[in-house]
**Student:** 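Let me give you the structure first, and then I'll get to my questions.
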Amino acid sequence: MHWRNLRHRTAQTILAIAAIAVAVALPVVLLSVGGGVYSHELASVQDAGFSISVDSAADHGIADAHSLARQIDAISGVAAASPILSVAVVLFTANGTGIPVLAEGVIPTAFSATQSSAERALLPPSFTLGDPDDTIHFANGTYGGPASGQVLLSTPLLQTLNLSSGASATLSPTTNRSAGVGVTVVGSFGLPPGLLGPSALFVALMPLSQLQSLVGLGRSTTGALLDDADSVQVAVVPALAGNPAAVARITAEVQALVPYYSVTSLTQQTSEIRAAQAVITGFYVGLSSVGLVVSLLFLVIILMRRVEQERSAIGIQRAIGVPAWRVSRGLLLEAEALTLCGGLSGVAGGILVISLLARWGSPTVSEIAGLATYDPVTLAGLVLGLLLMGLVASLLPVRRALNLPLPEVLR
């Protein structure tokens, strides 16, 4: 009988620790992965290379982009303004193969200046596309200058088509090759890793005015100047990049130039990311608290069972005058020992789950799990909070132990 009771007691202990561990592992996974993604996104924003972005609600909705870039360049504190146009086109190789690609029209010098250090490292050392400031072909808005016809292809695209530097190709706005223009591949560039959204793998970089001419966004059929782009990225001088007041001043001056466009500073995006992280963290804590409450209720039930199993010993202690604090000490210590073991096991289990997901999960899951960060303060706070909750959970069993009817217990 004693052996069976011991086995039953051991099983209860293991189940209590396991229940608490599972409940703790969930917030460990959520907070660690969520915190890692937050840190990654925040670092990406802060190291974006540009500090201000000008956008329009419509596709290719920014008009007179070259002139706007020059006006923004004239603002005190601006290092570079880079208009960017993104359009889907078809790339034809010499053997007639056609493949859809995302063509991005840029002003090479300004584009390079508004990229992060990691993205600049992916570009070739000499990034000019034959027209570094996109002035030769643009020709003050006439689009009558000679086109360099140079393009850079993303590494995956170059490898897929088995092309090399110096190869000839044709870019067309449609599947009709005869509507396209001949270009020369002058090199390749790498792509930054994507995270939560799809990333285009087949990308071509070319001078902005040449892409505009190709797709009819330079001048209209009537000859009116369009000079359309999708966005303008604005980099401030390094000395002001970390000054929120200076960035806010430049943002206001840019907004004054384009009152009908959306002008967003990265300081605003940083604040939005932090606010979103606070909301998500609150959601994670709320979701995790359900499992923690259930596991602590299970702990209360087990401790109540312990009181019933040891009621005779408790009654004898009270009858001979053992102080109440000594009677309840055993239950309090047991509750804290179970919650501590469960909490530490949960932290270890959560880290193990993240490691397994990072190694064996799908590519997206593996990449996200690999960003997890383990904040010692957060994890220690989680365990300490659990110990406090375990202390509160033990109060009901302690009250039960101290209120056992002695005549009935000692009978």
**Student:** In Å, rounded to the nearest 0.5 Å, how long is the span from CG of D227 to OG of S209?
**Tutor:**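 So the gap between those two atoms works out to 8.5 Å.
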**Student:** Decide side-chain contact (heavy atoms from CB on, under 4.5 Å) for L214 and L171; before the verdict, give the C-alpha distance in whole Å, the side-chain angles of both, and the deciding distance to 0.1 Å.
**Tutor:** CA-CA 8 Å; L214 176 64; L171 283 178; 3.9 Å; yes
**Student:** Quick one, V258 with V263, criterion side-chain contact (heavy atoms from CB on, under 4.5 Å). Give me CA distance, side-chain angles, the key distance, then yes/no.
**Tutor:** CA-CA 8 Å; V258 286; V263 180; 3.8 Å; yes
**Student:** According to ring pair (Phe, Tyr, Trp, His ring centres under 6.0 Å), does anything in residues 205-236 pair up with another residue at least two apart or in another chain? List the pairs.
**Tutor:**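 Found none.
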**Student:** Can you sort out the partners of T221 under side chain to side chain contact (heavy atoms under 4.5 Å, CB included), two or more places apart, ordered by chain and number?
**Tutor:**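 Once residues adjacent in sequence are excluded, T221 has no partner under the side chain to side chain contact (heavy atoms under 4.5 Å, CB included) criterion.
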**Student:** Identify the heavy atoms of P207 and D134 that sit nearest to each other, and give their distance.
**Tutor:**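 So the two residues come closest at CB-OD1, 3.8 Å.
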**Student:** For D228 and Q212, which I'm curious about, is there any donor-acceptor pair between the side chains at under 3.5 Å?
**Tutor:**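 Absent: no donor and acceptor within the cut-off.
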**Student:** Please list, chain by chain and in numerical order, all residues satisfying side chain to side chain contact (heavy atoms under 4.5 Å, CB included) with A369, sequence neighbours excluded.
**Tutor:**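 A369 satisfies side chain to side chain contact (heavy atoms under 4.5 Å, CB included) with I354, L357, A358 once adjacent residues are dropped.
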**Student:** Work out which heavy atom in T155 is nearest to a heavy atom in S188; give both atom names and the distance.
**Tutor:**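 Of all heavy-atom pairs spanning T155 and S188, the closest is OG1-OG, 3.9 Å.
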**Student:** Going through the distances and angles, do S394 and L396 end up as a side-chain contact (heavy atoms from CB on, under 4.5 Å)?
**Tutor:** CA-CA 6 Å; S394 67; L396 185 58; over 6 Å; no
**Student:** If you look only at pairs with a residue in residues 210-239, which of them pass as a ring pair (Phe, Tyr, Trp, His ring centres under 6.0 Å), with sequence neighbours excluded?
**Tutor:**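 Sorted pair list comes back empty.
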**Student:** Holding to side chain to side chain contact (heavy atoms under 4.5 Å, CB included), I want the full list of residues that pass it with I301, two or more places apart in sequence or in another chain.
**Tutor:**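 Partners of I301 under the side chain to side chain contact (heavy atoms under 4.5 Å, CB included) test: none.
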**Student:** Should L205 and F189 count as side-chain neighbours, where that means a heavy-atom distance under 4.5 Å?
**Tutor:**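 Side-chain contact under 4.5 Å: yes.
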**Student:** Answer yes if the side chains of D55 and S53 hold a donor-acceptor pair under 3.5 Å, and no otherwise.
**Tutor:**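 The answer is yes; a qualifying pair exists.
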**Student:** Do L387 and L340 make a side-chain contact, defined as non-hydrogen atoms from C-beta onward lying under 4.5 Å apart?
**Tutor:**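 Sidechains of L340 and L387: in contact.
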**Student:** Under a 3.5 Å threshold, yes or no: a donor from one side chain and an acceptor from the other, between D230 and H60?
**Tutor:**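 Judged by distance alone, the side chains do pair up.
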**Student:** Can you see which heavy atom on S345 is nearest to which on I17, and at what distance?
**Tutor:**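 Shortest heavy-atom separation between S345 and I17 comes out as OG-CG2, 4.3 Å.
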**Student:** Mind jotting down which residue pairs meet the side-chain hydrogen bond (donor to acceptor under 3.5 Å, both in side chains) criterion with at least one end in residues 78-89? Sequence neighbours excluded, please.
**Tutor:**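 For residues 78-89, and leaving out neighbouring residues, the side-chain hydrogen bond (donor to acceptor under 3.5 Å, both in side chains) pairs sorted by first residue read S86-E104.
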**Student:** If only atom types and distance count, is the side chain of S67 paired as donor or acceptor with the main-chain N or O of D64 below 3.5 Å?
**Tutor:**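 Between the backbone of D64 and the side chain of S67 there is no qualifying donor-acceptor contact (under 3.5 Å).
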**Student:** So I20 and L386, do their side chains get closer than 4.5 Å, heavy atoms only?
**Tutor:**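 Contact flag for L386/I20 side chains = yes.
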**Student:** Restricting to non-hydrogen atoms, name the atom on A81 and the atom on A110 that form the minimum distance, rounded to 0.1 Å.
**Tutor:**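 Between these two residues, the closest heavy atoms are O-CB, 3.4 Å.
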**Student:** Is there any ring pair (Phe, Tyr, Trp, His ring centres under 6.0 Å) pair reaching into residues 66-85, and which pairs are they, with sequence neighbours excluded?
**Tutor:**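 Sorted result for residues 66-85: H66-F138.
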**Student:** Quick one: does M389's side chain get under 4.5 Å of L292's, heavy atoms only?
**Tutor:**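 They are in side-chain contact.
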**Student:** Measuring from atom CD1 of I302 to atom CG of L297, what distance do you get when rounded to the nearest 0.5 angstrom?
**Tutor:**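 Answer rounded to 0.5 Å: 11.5 Å.
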**Student:** Just wondering, do L157 and L201 contact through their side chains at under 4.5 Å, heavy atoms?
**Tutor:**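 The answer is no; the side chains never approach within 4.5 Å.
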**Student:** Could you tell me which residues satisfy salt bridge (Lys or Arg N to Asp or Glu O under 4.0 Å) with R249, sequence neighbours excluded, listed by chain and number?
**Tutor:**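 Testing R249 for salt bridge (Lys or Arg N to Asp or Glu O under 4.0 Å), a comparison that skips the adjacent residues, returns E253.
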**Student:** Under 3.5 Å, which donor-acceptor pairs link side chains of residues 87-95 to any protein atom two or more places apart or in another chain?
**Tutor:**
| residue | atom | partner | partner atom | Å |
| --- | --- | --- | --- | --- |
| T93 | OG1 | N95 | OD1 | 2.4 |
| T93 | OG1 | T97 | N | 3.4 |
| N95 | OD1 | T97 | N | 3.0 |
| N95 | OD1 | T97 | OG1 | 2.9 |

**Student:** Quick one, N176 with S178, criterion side-chain hydrogen bond (donor to acceptor under 3.5 Å, both in side chains). Give me CA distance, side-chain angles, the key distance, then yes/no.
**Tutor:** CA-CA 5 Å; N176 182 3; S178 61; 2.6 Å; yes
**Student:** Taking all non-hydrogen atoms of both residues, which atom of G187 and which atom of L152 are closest, and how far apart?
**Tutor:**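 Closest approach of G187 to L152, heavy atoms only: C-CD2, 3.4 Å.
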**Student:** Using modelled atom types only, decide if a donor and an acceptor are shared between the side chain of T339 and the backbone of E336 within a distance under 3.5 Å.
**Tutor:**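 Between the backbone of E336 and the side chain of T339 there is a qualifying donor-acceptor contact (under 3.5 Å).
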**Student:** Test of understanding: with side-chain hydrogen bond (donor to acceptor under 3.5 Å, both in side chains), list the residues that count as partners of S148, not counting sequence neighbours.
**Tutor:**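 So S148 forms a side-chain hydrogen bond (donor to acceptor under 3.5 Å, both in side chains) with Q210.
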**Student:** Which side-chain hydrogen bond (donor to acceptor under 3.5 Å, both in side chains) pairs, counting each pair once, include a residue from residues 156-169, with sequence neighbours left out?
**Tutor:**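 Of all non-adjacent pairs touching residues 156-169, none passes side-chain hydrogen bond (donor to acceptor under 3.5 Å, both in side chains).
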**Student:** With sequence neighbours left out, what residues match D133 under side-chain hydrogen bond (donor to acceptor under 3.5 Å, both in side chains)?
**Tutor:**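 D133 satisfies side-chain hydrogen bond (donor to acceptor under 3.5 Å, both in side chains) with T109 only.
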**Student:** Set out, in order, the CA-CA distance, both residues' side-chain angles and the distance that settles side-chain contact (heavy atoms from CB on, under 4.5 Å) for T251 and V254, then state yes or no.
**Tutor:** CA-CA 5 Å; T251 301; V254 173; 5.8 Å; no
**Student:** Quick one: closest heavy-atom pair of Y261 and I62, and the distance?
**Tutor:**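 Nearest heavy atoms, Y261 then I62: OH-CA, 3.5 Å.
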**Student:** Are any side-chain N or O atoms of Q150 and backbone N or O atoms of G130, one a donor and one an acceptor, separated by less than 3.5 Å?
**Tutor:**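 Confirmed, Q150 side chain pairs with G130 backbone.
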**Student:** With side chains defined as the heavy atoms from C-beta onward, is the minimum distance between W360 and L356 less than 4.5 Å?
**Tutor:**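 Result yes, sub-4.5 Å side-chain heavy-atom pair found.
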**Student:** Taking the side chain as every heavy atom from C-beta outward, state whether T264 and I52 have any pair of such atoms under 4.5 Å apart.
**Tutor:**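 The answer is no; the side chains never approach within 4.5 Å.
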**Student:** Under 4.5 Å between any side-chain heavy atoms of T170 and V181, yes or no?
**Tutor:**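 Not in contact.
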